[in-house]
*Asks:* 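Got a structure for you, written out below as C-alpha coordinates; questions coming shortly.
Position 1 is the first residue of the sequence; numbering continues from there.
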Amino acid sequence: MYHILKRSISTTAASFGKHNFRKFLLYNKRGTRIFKKLRAANPELYPDMPIDKRGVRDTGVTHDGKYVEIAEKIPEIIVPNLEGCKFKPYVSYRAPDVVQSEFTSQDLFNAVYAQKVIDDFKESKLNEDGSPKEPSEEELLNSDEAWNRARKTGSDIF
(Lines give C-alpha, C1' and ligand atoms only; values in the text may rest on other atoms or scores of the structure.)
Protein backbone atom coordinates (compact mmCIF):
# COMPACT_ATOMS: atom_id res chain seq x y z
CA MET A 1 0.00 0.00 0.00
CA TYR A 2 1.12 3.43 -0.86
CA HIS A 3 0.18 6.51 1.07
CA ILE A 4 -0.17 9.69 -0.89
CA LEU A 5 1.09 12.66 1.00
CA LYS A 6 -0.37 16.03 0.18
CA ARG A 7 0.11 19.44 1.60
CA SER A 8 -2.68 21.81 2.62
CA ILE A 9 -2.74 25.32 3.92
CA SER A 10 -5.10 26.41 6.68
CA THR A 11 -6.11 30.08 6.79
CA THR A 12 -7.60 29.97 10.28
CA ALA A 13 -5.84 29.63 13.57
CA ALA A 14 -6.41 26.54 15.60
CA SER A 15 -8.77 27.37 18.44
CA PHE A 16 -8.29 24.13 20.36
CA GLY A 17 -11.95 23.97 21.31
CA LYS A 18 -12.17 27.58 22.41
CA HIS A 19 -14.64 29.70 20.51
CA ASN A 20 -15.27 33.40 20.74
CA PHE A 21 -19.07 33.48 20.94
CA ARG A 22 -19.16 37.28 21.05
CA LYS A 23 -18.56 37.47 17.33
CA PHE A 24 -21.50 35.16 16.59
CA LEU A 25 -24.71 37.15 17.02
CA LEU A 26 -27.07 34.54 18.41
CA TYR A 27 -29.89 36.70 19.69
CA ASN A 28 -32.43 34.92 21.90
CA LYS A 29 -30.82 31.54 21.21
CA ARG A 30 -28.53 30.98 24.18
CA GLY A 31 -29.75 30.02 27.60
CA THR A 32 -32.61 28.05 29.08
CA ARG A 33 -36.17 29.25 29.43
CA ILE A 34 -35.57 30.02 33.09
CA PHE A 35 -32.56 32.16 32.20
CA LYS A 36 -34.57 34.03 29.55
CA LYS A 37 -37.36 34.70 32.05
CA LEU A 38 -34.81 36.06 34.53
CA ARG A 39 -33.31 38.23 31.78
CA ALA A 40 -36.74 39.58 30.81
CA ALA A 41 -37.62 40.33 34.44
CA ASN A 42 -34.22 41.89 35.31
CA PRO A 43 -32.54 43.36 32.21
CA GLU A 44 -30.19 45.43 34.38
CA LEU A 45 -28.49 42.21 35.60
CA TYR A 46 -27.62 41.16 32.04
CA PRO A 47 -26.99 44.40 30.10
CA ASP A 48 -24.67 42.85 27.51
CA MET A 49 -27.33 40.47 26.13
CA PRO A 50 -29.46 42.30 23.57
CA ILE A 51 -32.98 41.04 22.92
CA ASP A 52 -33.79 40.69 19.24
CA LYS A 53 -37.44 41.51 18.61
CA ARG A 54 -37.28 40.72 14.89
CA GLY A 55 -39.18 43.83 13.77
CA VAL A 56 -42.04 43.56 16.29
CA ARG A 57 -42.90 46.87 17.93
CA ASP A 58 -43.48 47.19 21.65
CA THR A 59 -47.02 47.81 22.89
CA GLY A 60 -45.88 49.84 25.87
CA VAL A 61 -43.04 51.73 27.49
CA THR A 62 -40.69 51.15 30.41
CA HIS A 63 -41.32 53.76 33.09
CA ASP A 64 -39.37 53.79 36.40
CA GLY A 65 -38.21 50.22 35.80
CA LYS A 66 -41.71 48.87 35.15
CA TYR A 67 -43.28 48.03 31.82
CA VAL A 68 -46.54 49.92 31.20
CA GLU A 69 -48.93 48.77 28.44
CA ILE A 70 -50.46 51.46 26.25
CA ALA A 71 -53.87 50.46 24.89
CA GLU A 72 -53.55 52.68 21.80
CA LYS A 73 -50.42 50.81 20.69
CA ILE A 74 -52.10 47.40 20.69
CA PRO A 75 -53.27 46.63 17.14
CA GLU A 76 -56.99 46.03 16.76
CA ILE A 77 -58.06 43.78 13.92
CA ILE A 78 -61.60 44.42 12.72
CA VAL A 79 -62.97 41.52 10.70
CA PRO A 80 -66.41 41.74 9.08
CA ASN A 81 -68.93 38.93 9.48
CA LEU A 82 -68.97 37.15 6.10
CA GLU A 83 -71.64 34.63 7.02
CA GLY A 84 -73.97 34.11 4.10
CA CYS A 85 -71.72 36.01 1.71
CA LYS A 86 -72.06 34.74 -1.86
CA PHE A 87 -68.68 36.09 -3.00
CA LYS A 88 -65.59 33.92 -3.18
CA PRO A 89 -62.48 34.87 -1.16
CA TYR A 90 -60.40 35.43 -4.29
CA VAL A 91 -60.53 37.29 -7.58
CA SER A 92 -59.73 35.46 -10.77
CA TYR A 93 -56.91 36.76 -12.94
CA ARG A 94 -59.32 36.54 -15.87
CA ALA A 95 -61.61 39.12 -14.30
CA PRO A 96 -61.93 42.21 -16.51
CA ASP A 97 -60.21 45.39 -15.39
CA VAL A 98 -62.59 47.97 -13.97
CA VAL A 99 -61.89 51.53 -15.07
CA GLN A 100 -63.74 54.07 -12.97
CA SER A 101 -63.46 57.82 -12.86
CA GLU A 102 -62.85 59.76 -9.66
CA PHE A 103 -65.87 60.02 -7.34
CA THR A 104 -66.51 63.76 -7.04
CA SER A 105 -68.74 65.82 -4.77
CA GLN A 106 -71.20 66.19 -7.66
CA ASP A 107 -71.42 62.39 -7.92
CA LEU A 108 -72.03 62.17 -4.18
CA PHE A 109 -74.81 64.74 -4.37
CA ASN A 110 -76.42 62.88 -7.29
CA ALA A 111 -76.22 59.56 -5.44
CA VAL A 112 -77.64 60.80 -2.13
CA TYR A 113 -79.75 63.95 -2.51
CA ALA A 114 -80.67 64.51 -6.18
CA GLN A 115 -83.71 62.22 -6.29
CA LYS A 116 -85.16 63.70 -3.08
CA VAL A 117 -84.72 67.25 -4.40
CA ILE A 118 -86.47 66.32 -7.67
CA ASP A 119 -89.33 64.60 -5.81
CA ASP A 120 -89.74 67.56 -3.41
CA PHE A 121 -89.83 69.97 -6.36
CA LYS A 122 -92.47 67.93 -8.22
CA GLU A 123 -94.64 67.60 -5.09
CA SER A 124 -94.20 71.28 -4.10
CA LYS A 125 -92.55 70.39 -0.77
CA LEU A 126 -89.99 73.21 -0.99
CA ASN A 127 -90.05 76.52 0.88
CA GLU A 128 -89.70 79.88 -0.88
CA ASP A 129 -85.90 79.83 -0.37
CA GLY A 130 -85.56 76.30 -1.83
CA SER A 131 -85.10 74.48 1.49
CA PRO A 132 -87.22 71.35 2.07
CA LYS A 133 -90.36 71.53 4.23
CA GLU A 134 -89.71 68.00 5.52
CA PRO A 135 -85.89 67.62 5.78
CA SER A 136 -84.34 64.18 6.18
CA GLU A 137 -81.96 63.28 9.01
CA GLU A 138 -78.87 63.88 6.84
CA GLU A 139 -80.10 67.35 5.85
CA LEU A 140 -80.37 68.39 9.51
CA LEU A 141 -76.68 67.64 10.29
CA ASN A 142 -74.27 70.51 10.78
CA SER A 143 -70.72 70.33 9.40
CA ASP A 144 -69.12 69.09 12.67
CA GLU A 145 -71.61 66.24 13.10
CA ALA A 146 -71.18 65.20 9.46
CA TRP A 147 -67.38 65.29 9.85
CA ASN A 148 -67.51 63.11 13.01
CA ARG A 149 -69.96 60.67 11.44
CA ALA A 150 -67.73 60.32 8.35
CA ARG A 151 -64.70 59.42 10.49
CA LYS A 152 -66.47 56.96 12.77
CA THR A 153 -65.38 53.33 12.83
CA GLY A 154 -67.14 51.48 10.04
CA SER A 155 -67.23 54.35 7.59
CA ASP A 156 -65.69 53.98 4.14
CA ILE A 157 -62.53 55.88 5.08
CA PHE A 158 -61.16 52.97 7.14
*Asks:* Considering only residues two or more places apart or on different chains, which pairs with a residue in residues 65-77 satisfy side-chain hydrogen bond (donor to acceptor under 3.5 Å, both in side chains)?
*Replies:* T59-E69
*Asks:* Atom OH of residue position Y90 - does it have more than 12 heavy atoms of other residues, nucleotides or ligands inside 6.0 Å?
*Replies:* no
*Asks:* For E137, check salt bridge (charged side-chain N to carboxylate O under 4.0 Å, His left out) against everything at least two apart and list the hits.
*Replies:* R149
*Asks:* Measure from the side-chain N and O atoms of N142 to the backbone N and O of D144, and report whether any donor-acceptor pair falls under 3.5 Å.
*Replies:* yes
*Asks:* Would you find a donor on one side and an acceptor on the other, under 3.5 Å apart, between the side chain of N127 and the backbone of G130?
*Replies:* no
*Asks:* Check whether I118 and Y113 end up in the same hydrophobic cluster, where Ile, Leu, Val, Met, Phe, Trp and Tyr are linked by side-chain heavy atoms less than 4.5 Å apart.
*Replies:* no
*Asks:* Under the side-chain hydrogen bond (donor to acceptor under 3.5 Å, both in side chains) test, which residues partner E134, sequence neighbours left out?
*Replies:* none
*Asks:* Look up atom NE2 in H63 and atom CD1 in I70, then write down how far apart they are to the nearest 0.5 Å.
*Replies:* 10.5 Å
*Asks:* Where is the tightest heavy-atom contact between P80 and I78, given as atom of each residue plus distance?
*Replies:* CD-O, 4.0 Å
*Asks:* Under 4.5 Å between side-chain heavy atoms, counting indirect links through other Ile/Leu/Val/Met/Phe/Trp/Tyr residues: same cluster for L141 and F109 or not?
*Replies:* no
*Asks:* According to side-chain hydrogen bond (donor to acceptor under 3.5 Å, both in side chains), who are the partners of N148, at least two apart in sequence or on a separate chain?
*Replies:* none
*Asks:* Tell me which pairs pass salt bridge (charged side-chain N to carboxylate O under 4.0 Å, His left out) where either residue lies in residues 94-122, with sequence neighbours left out.
*Replies:* K116-D120, K116-E139
*Asks:* Output all residues satisfying side-chain hydrogen bond (donor to acceptor under 3.5 Å, both in side chains) with Q100, sequence neighbours left out; order by chain, then residue number.
*Replies:* none
*Asks:* Evaluate the side-chain proximity of F87 to L82: yes if any heavy-atom separation is below 4.5 Å, no if none is.
*Replies:* no
*Asks:* Write down the atom of L140, the atom of P135, and the distance for their closest heavy-atom approach.
*Replies:* CD2-CG, 3.7 Å
*Asks:* Would you indicate whether F121, at its atom CZ, is surrounded by more than 12 heavy atoms from other residues, nucleotides or ligands within a distance under 6.0 Å?
*Replies:* no
